[in-house]
Number of protein chains: 2
Amino acid sequence: MLPTIRDVAKEAGVSIATVSRVMRESEGVRDATRLRVLAAAAELEYTPSHLGRQLAERRHAANGIVFPDLSGPYYAEVVLGYEGVAAELRRSVLILSTHGRSDAEDAVREMAGRCDGLVILGRTVSDAAVQSLAARGTKLVLVARPPIGTVDSVNAENHASARSLTEHLLSEGVRSLRFVGDPVSSPDVAERWAGVRDAFLRSESDRAPELVTVDELDEESGAAVADAALAADDLPDAFVCGNDELALGLLGRLAAAGVDVPGTVMVTGWDDVMAARYAGLTTVRQPMRELGATAARLLEELIVDERTEPRHELLPTELVIRSSSSTSH
Amino acid sequence: MLPTIRDVAKEAGVSIATVSRVMRESEGVRDATRLRVLAAAAELEYTPSHLGRQLAERRHAANGIVFPDLSGPYYAEVVLGYEGVAAELRRSVLILSTHGRSDAEDAVREMAGRCDGLVILGRTVSDAAVQSLAARGTKLVLVARPPIGTVDSVNAENHASARSLTEHLLSEGVRSLRFVGDPVSSPDVAERWAGVRDAFLRSESDRAPELVTVDELDEESGAAVADAALAADDLPDAFVCGNDELALGLLGRLAAAGVDVPGTVMVTGWDDVMAARYAGLTTVRQPMRELGATAARLLEELIVDERTEPRHELLPTELVIRSSSSTSH
DNA sequence: GACCGTGATGTAACCGGTTACAGAAACCGG
DNA sequence: CCGGTTTCTGTAACCGGTTACATCACGGTC
């Protein structure tokens, strides 16, 4: 059994209140007493229990972050950005992946009970669950998800970059475009699709852009889309994918089939994950770390400053043109 | 203020002990009473406080995982593998990156005070710190780090795959080899370098393998190594890198300089991160997720079963030959 | 020498649960 | 209808800290 504050008090011949004051570095303890307590604490290798302290102070000094499914590089980067700032603020970080689990909302609620605040990435929990957490006073920041009620949010700009991307493709001679993604499960993807469609329709293109819905935003799904298109001998001028992993999967399958990219078909992704650079994939760069870091700062404000008026951050993105959509790169 | 067990007791007209029994689903509560308590709990939207519960039970139902620096894809994967299993076991997961911080050991100790057990990746904390945690009774599992005392460990096999890799390179005609990495800060890298050197020396090669030490195992360092070699006009037949990120950085710079890979120089990495596939990088695949998952299971055994004899797991690896070291791929 | 103010320390209530043990209620057979 | 079980519920101590308030010792002042 680890030593408690009472053991130290007995060892030093003082009361537990004095030990507490010394450990918390409060004022009003005589130097002689302080040294005696410190000596006793060192002797017993005493460290104050977080549990006792947290219960008395009614705070956790810990925040949580919830992310979906078996996150690829995108979420990992966001979480790392978050962790960096949280650690600076001397807060512990709890993570929770809702991967597949049907009891995700329970798990989130459970985590809320261990934290002073929560960051929620994407559509991991229902709007109703977010509302109910907020109603119970849980401090919340949403990332990659549109604001709900008066809950803070951090998002990357999607519309403008969707327009730039589409205009780039049009200027490269693209006349038919197929968007790959799942606008329902990912708010980001929904905005991207809307932005691409609008920009495409605004041009004098002959065909409306198509939408191919996939279940998961991963390489496998991208490969499946490529297979289907190859089997039907139905390739558009460009595949615009909702994220890089879809695009990479698609690209790999097209290359295996000997299709000329970008000659026959162009492919673009979104996020600019590390692999995109090496695959020569045109994409839209998101500040992934910065998304997490910003969320951590907003959450801290909510907890420490008791800020009440909501804030919504929109971080800039950047079109990155590579060889998968351009002959000059 | 959130409702407490006393509020529910008053609302239901019972004692707090009864409420506790109902919430814990203990035996021996009459159905009529149980329903009354559940109704009161629902009415007040009561959820038991983790803090109070944990203090009374003297357990956290949470584990921590410590990883170095601002981890690239490798650590992210290990953490995800860990999280998946921990969540199944209904344990919360705390993460801590020791990135640069000089007070890393304090932070780890702090985290130990919040958890029932800890997984430590790589050389994030000193051997002495590990020993001292173990001595205080903290349940520990080391990953990607050789065993210390009687502390559990999980590692990927390095020697055999280092030999396979080296033999592959020799069979491709490599006569001079330069290893890139930091054997001091990473035990894995140290083993890899030792394995490569041994295998290379055992052949009838004319030159001993060289070692180039870098500060960080990232793309930037790899690029710097390439730059230095190019500037000195001193390219070996093969760069064998301690991880994929070094290799990718190196590869990118060589490609930019118009050097023929694998014709003029071959490049290999380690880990098989996602980007390695798209860069055509020869590497050694590690079961990254499985490393984390195994660590989670070992830790659970330590905590639940009070197992005392240490276990050391060695997970298999696999040589993956791609175009960066082979003309036939 | 009595009085008072100040600063150091101790006492005890409290944070929100769990649980050993005591006590009450319900049930049983005779 | 009574005593003995059995089953349910309540009381109170405890987990390990924090902190408001009481107390006490001490030094200074008149």
Next on the checklist: Does E57(A) have more than 12 heavy atoms from other residues, nucleotides or ligands lying within 6.0 Å of its CD?
Outcome noted: yes

Heavy atoms only, 4.0 Å cut-off, all strands: where does [X] land among base, sugar-phosphate and nothing?
X: T18(B); value: sugar-phosphate
X: L55(B); value: base
X: T4(A); value: sugar-phosphate
X: R21(B); value: base

Between [N] ([atom2]) and [X] ([atom1]): distance, integer Å:
X: Q54(B); N: dT19(C); atom1: CD; atom2: P; answer: 14 Å
X: L2(B); N: dG16(C); atom1: CG; atom2: C1'; answer: 12 Å
X: R114(B); N: dG17(D); atom1: CZ; atom2: C1'; answer: 14 Å
X: D7(B); N: dG16(C); atom1: CG; atom2: P; answer: 9 Å

Checklist entry - So which one's nearest nucleotide on DNA chain C is more toward 5', R30(A) or E57(A)? => result R30(A)

Checklist outcome for this item: Of A17(B) and L51(B), the one whose closest nucleotide on DNA chain C sits nearer the 5' end is L51(B)

Checklist entry - Any side-chain N or O of S15(B) under 4.0 Å from OP1/OP2 of dT11(D)? => result no

Checklist entry - Think R53(A) has a side-chain N or O under 4.0 angstrom from the OP1 or OP2 of dG16(D)? => result no

Nucleotide of [options] approaching [X] most closely (side-chain heavy atoms):
X: I5(B); options: dG17(C), dG17(D), dA8(C); answer: dG17(C)
X: S49(A); options: dG17(D), dG17(C), dA8(C); answer: dG17(D)
X: I16(B); options: dG16(C), dA12(D), dT19(D); answer: dA12(D)

Checklist entry - Do V141(B) and Y82(B) pass the side chain to side chain contact (heavy atoms under 4.5 Å, CB included) test, and can you show the C-alpha distance, the side-chain angles, and the key distance before you say yes or no? => result CA-CA 12 Å; V141(B) 176; Y82(B) 174 77; over 6 Å; no

Checklist outcome for this item: Comparing A32(B) with R58(B), nearest DNA chain D nucleotide closer to 5' gives the residue A32(B)

Next on the checklist: Let's test your reading of the model: under 3.5 Å, does the base of dG17(C) pair with the side chain of R6(B) as donor and acceptor?
Outcome noted: yes

Checklist entry - With E300(A), which of K139(A), R307(A), R91(A) fulfils side chain to side chain donor-acceptor pair (under 3.5 Å)? => result R91(A)

Checklist entry - Any side-chain donor paired with an acceptor under 3.5 Å for R145(A) and T124(A)? => result no

Checklist entry - Is there a side-chain contact between V79(A) and I95(B) (heavy atoms, below 4.5 Å)? => result yes

